[in-house]
Amino acid sequence: MNSLFLIKRYGKEIEPSILSHYENAERFIWVNTGDKDLIPIKIDLPEPPEYHLIEGFGLPAREQKYHPMKVPKRLREIQSKFDTIDEIWDEIENHKDIYDNEINFIIDAWKRRLNGHWFFNNGVPTYIDGWHDFYCSWWNIDVGLPKYRDRDRRFFLFARKIFNETKAPRCNDKGFAVKNEKGEYEWIEFGRRIFYGFNYPKHRREGATYKAECINYEIISRTIGAFGGIQSMNDVQARKCFLRHLVAPWKKLPFFFKPNYEGSTSPKTELSFSPPAKRLSSRGSLSTSELGLESGINYEMADTSAYDGDKLYFHHDDEVGKLKKGLSCWDRHTVVKECLVMGSEIIGFTIKTSTVGEMEKGGGRIFKHQCKMSDYYQRTPNGQTPSGLAVLFIPADDGLQGFIDEFGMSVIDTPTKAQAEFIGHKIGAREYLLNRRKGYIDAGDQEGLSEEIRLYPIRFAECFRTAQKDSGFNMHKLETYIDDLSFSKGLTVRGNFAWKDNKRDSEVLFIENPNGKFIVSHQLNRNEANRRWWSEEEESWMPGNTHWGVAGGDPFKFNKTEQNRKSNGGGAVVKKGKVRDGDFSLRRSFACTYSNRTFDKDIYAEDMLMMCIYYGVQMFPEINIPLLWDYFEARGYGGFLLYKVDPKTFEFGKTPGGQTSDKIKQDIFGEYMTWIQNEADGEKHIEVLEECRDIEGPEDMPNYDLFTAGGYALLGTHGIYDTIAEMAEQEYSLDSYVKKRKYGKK
């Protein structure tokens with residue numbers, strides 16, 4: 001900041017040393033920064049007014065802070081003197097000359113509510129949105145008026161951006177935003193709002209519910225014929241949200257921010273901005289009180305269809321990540337978004353706030369899906385994200401209570417001397433939270449650690465941590481791997497395997513399809529794929545890529561699982577590594593997975609066969625149901641079945657694969673334990689890791705078909721390492737291997 005320029009322009013009475021500490025105003029801010037799972041979003045700020053018009057100008061930087069507006073004494077007096085809002089306004093209107101200063105104050109308060117506010121904060125010209133200024137100046141929370149927080153500033157600026165957004169980035173044919181040759185996004189104007197609202201996964205007790213209800217009130221209380229709604233994780237919580245976070249702050253608002261309302265000053269089910277029914281005109285014309293907004297805000301039960309058919313200008317979806325079994329935040333959003341539109345025009349706005357409940361039992365899994373469908377940089381041709389929502393995430397160490405300096409700025413890293421004196425800590429919020437986590441780690445309390453991370457996430461993916469299981473797997477590693485993959489893109493692709501020109505036994509192709517049955521991370525080129533050869537001796541096709549990997553399969557059953565869900569057919573291909581004498585330098589990884597339900601078992605079997613042919617690998621199947629064994633033999637691909645070798649006699653088993661006995665279950669779990677502990681850090685298939693995370697133990701395997709199929713593939717590779725490799729070292733030729741397999745099984 002040029003202090004000499006400011007002195008010449010605004011007066012010599014200002015000390016140069018004061019102005020020398022002033023900085024330039026920000027032109028924009030970023031949100032969703034510093035997180036590998038999110039792409040930052042830029043928010044442009046308005047041009048600042050002349051600096052002498054900004055509140056706090058002329059003060060030393062250390063004395064510049066946000067100050068809420070305070071109702072003048074005379075306005076407080078008349079507010080307590082009269083019983084109704086009409087009577088207060090009549091008093092002011094009839095004595096305008098007396099209340100000139102008070103009228104100007106009301107006008108300024110409304111200007112700030114509508115246009116936002118500029119103030120100097122520790123030397124920095126700072127803009128806050130009108131919603132934020134209304135929140136800090138007038139919206140009393142449980143401890144009084146909220147303190148100014150830079151974290152909240154970004155929340156409200158983001159909310160306003162999403163509320164007004166009419167542009168979308170130019171995207172490729174897959175719907176992902178792409179930058180031009182200058183490394184910048186190009187924006188397409190749609191001429192209409194394109195967001196219904198946004199998801200806000202948050203840390204515990206950071207005031208999100210109060211902020212959402214403040215915006216709810218701000219919109220509804222100045223819009224004719226507008227209605228706002230509130231839903232939460234259950235009916236009791238919705239009522240609490242209505243009474244504590246909406247009605248309680250509303251009751252303390254000054255009269256000039258209260259439209260005429262119907263009913264008592266303590267509404268129980270609806271805050272209605274309609275004229276009191278008892279008010280009648282005495283002069284044959286409408287009295288002031290008969291003119292009302294005819295708007296209102298209520299709450300509804302947690303049921304998905306509670307607002308079905310209503311027209312809403314605002315909807316607060318509270319604690320959506322904690323919905324209990326039988327309720328889905330995604331299904332609720334599907335209903336509510338139709339309440340926020342008229343034709344193709346979005347008229348309403350929704351904010352979905354939540355700490356995330358336990359992933360299996362508390363709705364977190366569906367909320368995670370909703371967030372994945374809300375990527376700001378993934379758009380449909382109409383400019384919207386797949387959900388019509390965006391995502392805002394602010395980590396728990398940003399704005400954590402007790403780690404905020406006197407100017408409302410977050411103390412994340414090591415505090416300055418002044419900050420340390422103010423907050424009473426010599427460490428920042430991040431170190432504090434990591435120390436809390438360390439306590440759980442040192443105590444071996446993995447369940448407590450998961451809960452701590454979920455309540456105070458530092459990374460976006462940490463919002464969706466799950467509780468510890470009894471599987472024996474290293475859950476800390478699993479969760480870390482899942483966090484790394486949760487919002488990654490382009491590591492896998494969906495598709496189907498199909499015969500070229502629909503001719504069986506010709507060439508298998510992989511065809512990308514967003515609704516495909518297979519998830520693939522490793523596609524082969526034409527020279528690598530479809531390696532097979534015909535064995536006259538075996539009278540069977542033989543795989544030509546057995547050194548590359550092994551497939552596993554778990555045929556579906558026609559009964560239902562213990563959790564009363566239909567069982568899928570599972571399949572997987574594991575690319576071999578090199579594991580000998582504890583050396584995991586070349587690690588096994590999944591190349592392809594399959595979990596799909598079809599009512600034709602032959603379709604599943606053909607899918608598995610095409611998968612094996614494409615990769616040129618053998619299938620190590622579960623044979624409690626001998627579907628794959630029988631099918632491969634009948635189709636002339638018996639050579640694609642993997643038979644275990646006795647490491648002592650080198651004799652092949654009489655059956656391919658294995659039967660899921662208690663021993664096999666333990667073997668599979670042991671194999672996964674080794675893989676998770678030593679090899680899975682570079683895994684690309686999150687669906688495998690998630691099944692490892694979610695499964696309770698060996699007895700739960702009937703409910704996890706992909707886990708079982710992947711386990712058989714891992715077992716198959718394990719057997720190859722310990723036996724076939726040794727046989728190769730003893731100079732067994734492939735023909736010898738075939739003969740041993742053929743005659744061994746007899």
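All of these numbers come straight from a predicted model, not from anything done at the bench.
- Ion pairing between a basic and an acidic side chain is recognised when a charged N comes within 4.0 Å of a carboxylate O; R459 and D37 show such pairing.
- Here the side chain of E300 pairs no donor or acceptor atom with the backbone of Y307 at under 3.5 angstrom.
- Residue E452 forms a salt bridge (charged side-chain N to carboxylate O under 4.0 Å, His left out) with just one option from R204, R437, R436, and that option is R436.
- Between F257 and W250, the gap from one ring centroid to the other reaches at least 6.0 Å.
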Show, in sequence, the C-alpha distance, side-chain angles and deciding distance for F155 and F198, and conclude whether the ring-ring contact (aromatic ring centres under 6.0 Å, His included) test is met.
CA-CA 11 Å; F155 172 91; F198 65 97; 5.8 Å; yes
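- Counting non-hydrogen atoms of neighbouring residues, nucleotides and ligands closer than 6.0 angstrom, the CZ atom of F422 exceeds 12 such neighbours.
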Exercise. Under the ring-ring contact (aromatic ring centres under 6.0 Å, His included) rule, what do F487 and F393 come out as? Steps first, then yes or no, please.
Key: CA-CA 13 Å; F487 298 91; F393 174 69; 9.7 Å; no
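- Of the N and O atoms on the side chains of E218 and Y135, not one donor lies less than 3.5 Å from an acceptor on the other residue.
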- request: For the pair W138 and Y217, evaluate ring-ring contact (aromatic ring centres under 6.0 Å, His included) and give the outcome as yes or no after the intermediate values.
  value: CA-CA 12 Å; W138 309 110; Y217 179 83; over 10 Å; no
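- The aromatic rings of Y66 and H117 sit perpendicular to each other, their planes meeting at more than 60°, with 30° as the lower class boundary.
- Heavy-atom contacts from other residues, nucleotides or ligands closer than 6.0 Å to CD of Q401 number 12 or fewer.
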Check: Run the ring-ring contact (aromatic ring centres under 6.0 Å, His included) check on F57 and Y51 step by step: do they pass?
Finding: CA-CA 7 Å; F57 177 78; Y51 279 57; 7.4 Å; no
